[in-house]
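Below you'll find the structure, written out as structure tokens, and then a few comments.
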Amino acid sequence: MNFQMPTRIVFTSGAIASLKAVIHDDLKAKKPFLVTDKGMIQTGLIEKINDQVGSLEVFDDVEPNPRSTTVNRAGEHVRKIQPDLIIALGGGSAMDAAKAVALLATNDGKIEDYEGKEKYEAAPLPVIAIPTTCGTGSEVTWVSVITDTERKFKMSIKGIEMFPSVALVDPDLLMTLPGPVVASTGLDALTHAIEAYTSKPASPITDLFALKAIKLIFNSLETAFRNIESEKEARENLMLGSTMAGVAFGNSDVGAVHCISESIGALFDIPHGVANALFLPYVMQFNVPACTERFADIAAAAGIDEKSSQADADRLIEKIKSLSHVLGIPLFKELGINKDQFAKIAEYSFKNNSNPSNPRDTSVEDYLNILETAYTD
Ligand code: NAD
């Protein structure tokens with residue numbers, strides 16, 4: 001077992017008010033650089049941060065499923081202006097791009113050169129990660145997921161120095177999040193927790209984080225989806241569940257759901273959370289024979305108590321399907337992906353680094369069957 005969590009987590013409603021102190025007093029930084037996306041400008045948050053911190057240099061071109069070309073452009077810019085700290089503001093896309101920019105600030109070349117584990121020579125700049133969605137947990141993980149635009153492949157760049165120095169987690173930042181993004185990112189967090197609990201590298205420590213995250217998310221997601229602005233407790237619990245799920249999968253792993261969603265995200269630019277939500281119940285159905293008892297534990301955390309572990313697992317899968325439906329997650333066949341693409345998706349999924357972590361060995365043929373079942377259900 002190997003558990004690491006070097007990121008300091010500051011979690012409270014209103015935490016954003018302490019940003020200036022974290023920058024100057026805790027991290028002793030003098031020249032921070034903000035990496036974010038255009039959606040954040042509309043929330044008015046950047047203006048508020050500027051009022052607090054003084055005028056910041058901002059890169060706001062990050063797109064969903066952030067691209068290597070964009071990250072490389074930001075990297076060239078930071079090498080010229082030489083900041084001493086990167087602030088990551090946004091969902092997983094902005095946070096992952098920011099982590100990659102922090103690496104390029106201190107290392108030559110392009111982000112593609114750093115795919116894999118600890119390929120960099122110099123430690124990246126410190127990062128303060130401020131999540132504004134309730135899904136990825138990137139604020140507490142050591143990985144940056146960037147789409148290699150040439151290979152149409154989501155690559156992982158990871159290393160112990162890639163953990164953000166500080167995760168400033170403020171559930172109030174979710175108040176502007178549109179309902180569909182609450183739904184998809186909340187289900188993304190649930191997927192992280194479930195895969196962390198059932199994947200082969202799970203440990204007693206990651207189990208604690210994963211099961212607590214599952215409870216928090218199941219008890220808050222629907223309420224937060226209906227009215228994230230007024231439902232303070234649900235908002236806080238959902239955000240906490242998301243960060244705790246990040247700690248869990250960051251030290252355990254994800255499994256076949258992510259193998260499929262990362263392939264689909266890179267090939268067709270489908271939002272990460274939507275892809276995870278779509279495939280979660282079908283991968284669970286496939287995985288039940290390998291870890292029925294673990295699914296029964298998850299069912300108990302979700303308030304399910306049937307007569308046998310198998311019945312618990314079946315009921316859990318039904319519950320997740322109906323939750324996705326209530327939250328307005330589209331069906332796989334509604335995404336406009338042609339069936340003749342299934343072979344490529346299955347092949348990419350099989351090659352994904354997390355495939356060996358899935359609790360049940362999963363072949364290309366198995367991925368094809370999962371895709372087919374999800375499409376026809
Ligand atoms: P996202 O970052 O792509 O954001 C989705 C949209 O929501 C954007 O348009 C953004 O502007 C908008 N948005 C974000 N916060 C908002 C707010 N508070 N108010 C209004 N609008 C807001 O979505 P995501 O699901 O958070 O991130 C997905 C990315 O994260 C994928 O690329 C995925 O691969 C990656 N990911 C990384 C890790 C990791 O550990 N590094 C883990 C899981 C996923």
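Side chains are part of it too, since the values below use all heavy atoms of this structure and drop only hydrogens, waters and symmetry mates. Atoms within each ligand, like the ligands themselves, are counted from 1 in listed order.
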| field | Atom indices of ligand 1 within 4.0 angstrom of Thr133 heavy atoms, with elements | value | 14 (C), 15 (N), 26 (O)
| request: Just need the protein heavy atom nearest to atom 42 (C) of ligand 1, so name the residue and atom and give the distance. | output: Thr136 O, 3.4 Å
| task | Say whether Pro66 and ligand 1 are in contact under the criterion: heavy-atom distance to a ligand atom below 4.0 Å. | result | yes
| Quick one: do Asp113 and Lys119 make a salt bridge, cutoff under 4.0 Å? | no
| query | So is Pro64 polar-close to ligand 1, meaning N/O to N/O under 3.5 Å? | reply | no
| Any protein heavy atom lying closer than 4.0 Å to atom 12 (C) of ligand 1? | no
| said: With no hydrogens and no angle check, just 3.5 Å: does a side-chain donor-acceptor pair link Asn251 and Thr206? | reply: no
| request: Specify the protein heavy atom at minimum distance from atom 15 (N) of ligand 1: its residue, its atom name, and the distance to 0.1 Å. | output: Thr132 OG1, 2.7 Å
| query | What residue and atom, counting heavy atoms only, is the protein's closest point to atom 35 (C) of ligand 1, and at what distance? | reply | Asp96 OD2, 3.5 Å
| query | Is there a nitrogen or oxygen of Lys154 sitting under 3.5 Å from a nitrogen or oxygen of ligand 1? | reply | yes
| Cationic N near anionic O, under 4.0 Å, Asp377 to Lys321 | yes
| Are the charged groups of Lys232 and Glu236 less than 4.0 angstrom apart, N to O? | yes
| Any N or O on Val145 sitting closer than 3.5 Å to an N or O of ligand 1? | no
| said: What protein heavy atom lies closest to atom 19 (N) of ligand 1? Include the residue and the distance to one decimal. | reply: Thr176 OG1, 2.8 Å
| message | Please tell me whether Phe332 and Tyr282 form a close aromatic pair, meaning their ring centres lie under 6.0 Å apart. | response | no
| Which one holds for Leu177 and ligand 1: side chain close, backbone close, both close, or neither close, with close meaning a heavy atom under 4.0 Å? | both
| query | Just checking, any donor-acceptor pair under 3.5 angstrom between side chains of Gln310 and Asp314? | reply | yes
| request: Determine, considering heavy atoms only, which of His272, Met40, Arg67 sits nearest to atom 22 (C) of ligand 1. | output: Met40
| request: Taking only heavy atoms of Gly91 into account, list the atoms of ligand 1 that are under 4.0 Å away from them. | output: 2 (O), 26 (O)
| message | Is there a side-chain contact between Met40 and Thr43 in this structure, where contact means two heavy atoms from C-beta onward sitting under 4.5 Å apart? | response | yes
| request: Answer whether the closest heavy-atom distance between the side chains of Phe279 and Ile264 falls below 4.5 Å. | output: yes
| Taking non-hydrogen atoms only, is Thr141 closer than 4.0 angstrom to ligand 1 via side chain, backbone, both or neither? | side chain
| Can you list the ligand 1 atoms lying under 4.0 Å from a non-hydrogen atom of Leu173? | 18 (N)
| message | In the structure I gave you, are the side-chain heavy atoms of Leu278 and Leu335 within less than 4.5 Å of one another anywhere? | response | yes
| Which of the atoms of ligand 1 are close to Asn65, meaning less than 4.0 Å from one of its heavy atoms? | 31 (C), 32 (O)
| At a 4.0 Å threshold, what atoms of ligand 1 neighbour a non-hydrogen atom of Phe249? | 40 (O), 42 (C)
| task | Test the Lys351-Phe153 pair against the cation-pi criterion, namely NZ or CZ under 6.0 angstrom from the six-membered ring centroid and within 45° of the ring axis. | result | no
| remark: min-distance protein heavy atom vs atom 1 (P) of ligand 1 -> Ser93 OG, 3.4 Å
| What protein heavy atom sits nearest atom 25 (O) of ligand 1, and how far off is it? | Thr185 CG2, 3.5 Å
| Taking only heavy atoms of His192, which atoms of ligand 1 are found under 4.0 Å from at least one of them? | 43 (C)
| message | I want to check something: taking the side chain as every heavy atom from C-beta on, are Val166 and Leu27 in contact at a cut-off of under 4.5 Å? | response | yes
| Salt-bridge criterion met for Lys31 and Glu57 (N-O under 4.0 Å) | no
| said: Looking only at side-chain N and O atoms, does Glu139 offer a donor or acceptor that is under 3.5 Å from a partner on Thr7? | reply: no
| Closest protein heavy atom (residue, atom, distance) for atom 7 (O) of ligand 1 | Val181 CG1, 4.0 Å
| With only distance considered, is Thr43 within less than 3.5 Å of ligand 1 through an N or O on each side? | no
| Is it true that the side chains of Ser261 and Asn276 contain a donor and an acceptor less than 3.5 Å apart? | yes
| note | When distances are taken from atom 8 (C) of ligand 1, the protein heavy atom at minimum range is Asp37 OD2, 4.0 Å
